[in-house]
Amino acid sequence: MTTEAASYFSSELLGWYRGNKRDLPWRLNRDPYRIWVSEVMLQQTRVDTVIPYYERFMEKFPTAAALAAAPEPEVLKCWEGLGYYSRARNLQTGAREVVERHGGAVPDDKEAVSSLRGVGPYTAGAIMSIAFNKPEPAVDGNVMRVLSRFFCLEDDIAKPATRVKIEKLAAALIPEGAAGDFNQALMELGALVCTPKSPGCLTCPVMLHCEGRMAGKEHVLPIKTKAKPPRPETRLAALVVGSGEHAGKVLVRQRPASGLLAQMWELPHVLAPQAGEAAAQKAAAGCGRKRARGAQLSVSGSQRSGGDPAQMDQLCRLLAQEEGLLIRPVSWWGETEHIFSHIIWDVQVYQAEFGFRLKDGEPQTALDQTQAAESLVPYEIDTGSSELPTNYRYIGVEEMSELAFPNVFLRILRDYWELTE
DNA sequence: AAGGCGGGGTC
DNA sequence: GACCCAGCCTT
């Protein structure tokens, strides 16, 4: 790369940015805490999605000290629906580190910022450059795409080594005294013009010297190996409506502190033994049961009508086995699909009653298919153990505003309460 | 280096 | 319905 090419690119881009930048809430000022929060939210998340979350979050936790002092469930609730919830926990941990180590002020030192929980190379560069105007690169997916195209780089951007290489390139392009604007300009161009699918080359400020376009490769760059497809899972969920003192309330549980959807609340559910096996059982059972009530939230299959005695049996057995939760599934309620990056959940929701167990006592191996199809599993009231496991509780609709649920269960619960009003 | 970790959008 | 969007952490 010649110095003329670099200065052409940088000055054209900077000029374009200053005339075209969007008005975004985190561009109101240069408060490093505000920049930090925005950058964490913007990881893997689009601007339009982030804006309302950002406004709410900043109102509730306006400073690192406020965030550090907040109860964790409140932070999680504020993040509800945004995804990748470890970001929220890490951000709060980072805020506590800022309070303890730096008296509540985000440090303007690269190493100190990088050592904060949840702050990696990209976020550190973004904070250093945008908040403090220090000449550090901030290379995200936008930047890798823009620079891959402009310099016609054929490196696979899915490889960690490529990010390191592009960081060096990006660092060399930063104009004197304009690190913050330049880094934002790169990302803004990637978001508005140099888009993944159909890049708007004709409106691009650096089109004339774009090597990728000159080579006719703007549509094939950047090179990126595909992620492997998500694995399908069938999840059997219990919609348990309480009686007596819990009348009208629904039984929910909190997930473990680590792993998928950590600390979030949900309906009790189990992994159906085998996707293929379950499908075979379903076919053998000839499930033509009519829907009891409740909407079919979304349809993943073609003309399946839902509800399967073998699944009801599995739900009862596995909840007892895994959680010590005794319930009796009564009827199929609905179905919804939920797509994560690495898993696809097909969630089958069954209405269930609390306090029942299988007559034959101890959980057995999978019930014989024919038996499952032709007879209902025999249940009896369990008088002895009607206690809930400790991570379980009954909630009314009002308590939905206090507990954080992933979207898939928010959809189910909102639908349920809408129907029972 | 590879995989876990949510939830969206476009065409 | 098939495609796309990705940064930090753990292993």
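Residue numbering restarts at 1 for every chain, and letters A, B, ... go by the order of the sequence lines. Since the model is a prediction, treat every value here as computed from it, not as a measurement.
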Any H342(A) side-chain nitrogen or oxygen under 4.0 Å from OP1 or OP2 of dG4(B): no
Presence of donor-acceptor pair under 3.5 Å, side chain of S341(A) and base of dG4(B): no
Would you indicate, yes or no, if dG8(B) has its OP1 or OP2 atom less than 4.0 angstrom from a side-chain nitrogen or oxygen of N407(A)? yes
Round to a whole Å and report the spacing from CD of E39(A) to P of dC8(C). 10 Å
Pick base, sugar-phosphate or nothing for D140(A), based on heavy-atom distances below 4.0 Å to the nucleic acid. sugar-phosphate
Would you check if L260(A) and F340(A) make a side-chain contact, meaning some heavy-atom pair closer than 4.5 Å? yes
Are the aromatic ring centres of H246(A) and F354(A) under 6.0 angstrom apart? no
Quick check for you: among dA6(C), dC4(C), dG7(C), whose closest atom lies nearest to any side-chain atom of M144(A)? dG7(C)
Could you state the atom-to-atom distance from CZ of R255(A) to C1' of dG6(B) in whole Å? 12 Å
For S198(A), report the nucleic acid contact type (base, sugar-phosphate, nothing); a contact means any heavy atom under 4.0 Å. sugar-phosphate
Can a side-chain donor-acceptor contact be found between Q43(A) and Y122(A) if the only test is distance below 3.5 angstrom? no
Tell me if a side-chain donor or acceptor on Q348(A) pairs with a main-chain N or O of T234(A) at a distance below 3.5 Å. no
Using whole Å, what does the distance between atom C1' of nucleotide dC5(B) and atom CE of M264(A) come to? 12 Å
For residues Y84(A) and W79(A), establish whether the separation of their ring centroids is below 6.0 Å. no
For dT10(C) and R117(A) - does any side-chain N or O of the residue sit under 4.0 Å from the phosphate oxygens OP1/OP2? yes
d(CD1, I223(A); C1', dC4(C)) in whole Å: 16 Å
In this structure, how many angstroms lie between the P atom of dC5(B) and the CZ atom of R231(A), rounded? 8 Å
Between K159(A) and G259(A), name the one whose nearest nucleotide on DNA chain B is closer to the 5' end. K159(A)
Please report the distance separating the C1' of dG9(B) from the corresponding atom of dC8(C), rounded so that it comes out in whole Å. 22 Å
Would one find a side-chain N or O of K224(A) under 4.0 angstrom from OP1 or OP2 of dC5(C)? yes
I'd like the P distance from dC5(B) over to dC3(C), given in whole Å. 24 Å
For K226(A) and dA2(B), what is the distance between atoms NZ and P respectively, to the nearest whole Å? 18 Å
Quick one: R87(A) CZ to dG7(C) P, roughly how many Å, whole number? 11 Å
Are OP1 or OP2 of dG4(B) and a side-chain N or O of Y84(A) less than 4.0 angstrom apart? no
Between R253(A) and N391(A), a side-chain donor and acceptor under 3.5 Å: no
Of all the choices, dG6(B), dC5(C), dG7(B), which nucleotide is nearest to the side chain of L260(A) once you look at every atom? dG6(B)
Phosphate oxygens OP1/OP2 of dG4(B): is one of them under 4.0 Å from a side-chain N or O of S86(A)? no
Would you say that R89(A) contacts Q263(A) through its side chain, given a criterion of any heavy-atom pair below 4.5 Å between the two side chains? yes
Measure distances between side-chain N and O atoms of Y122(A) and base N and O atoms of dA6(C), and say whether any donor-acceptor pair falls under 3.5 Å. no
Contact class for Q44(A) (heavy atom, under 4.0 Å): base, sugar-phosphate, or nothing? base
Quantified in whole Å, what is the P atom distance between nucleotide dT11(C) and nucleotide dG6(B)? 15 Å
Note: for P222(A) and V119(A) on DNA chain C, the residue whose nearest nucleotide lies more 5' is P222(A)
Sugar-phosphate only, base, or nothing, as touched by L261(A) at under 4.0 Å among non-hydrogen atoms: sugar-phosphate
Look at all strands and tell whether R89(A) reaches a base, only sugar-phosphate, or nothing, counting heavy atoms closer than 4.0 Å. nothing
Of the options dG6(B), dG9(B), dC8(C), whose atoms approach the side-chain atoms of Y85(A) most closely? dG6(B)
Whole-Å distance, N90(A) CG to dG6(B) P, equals 12 Å
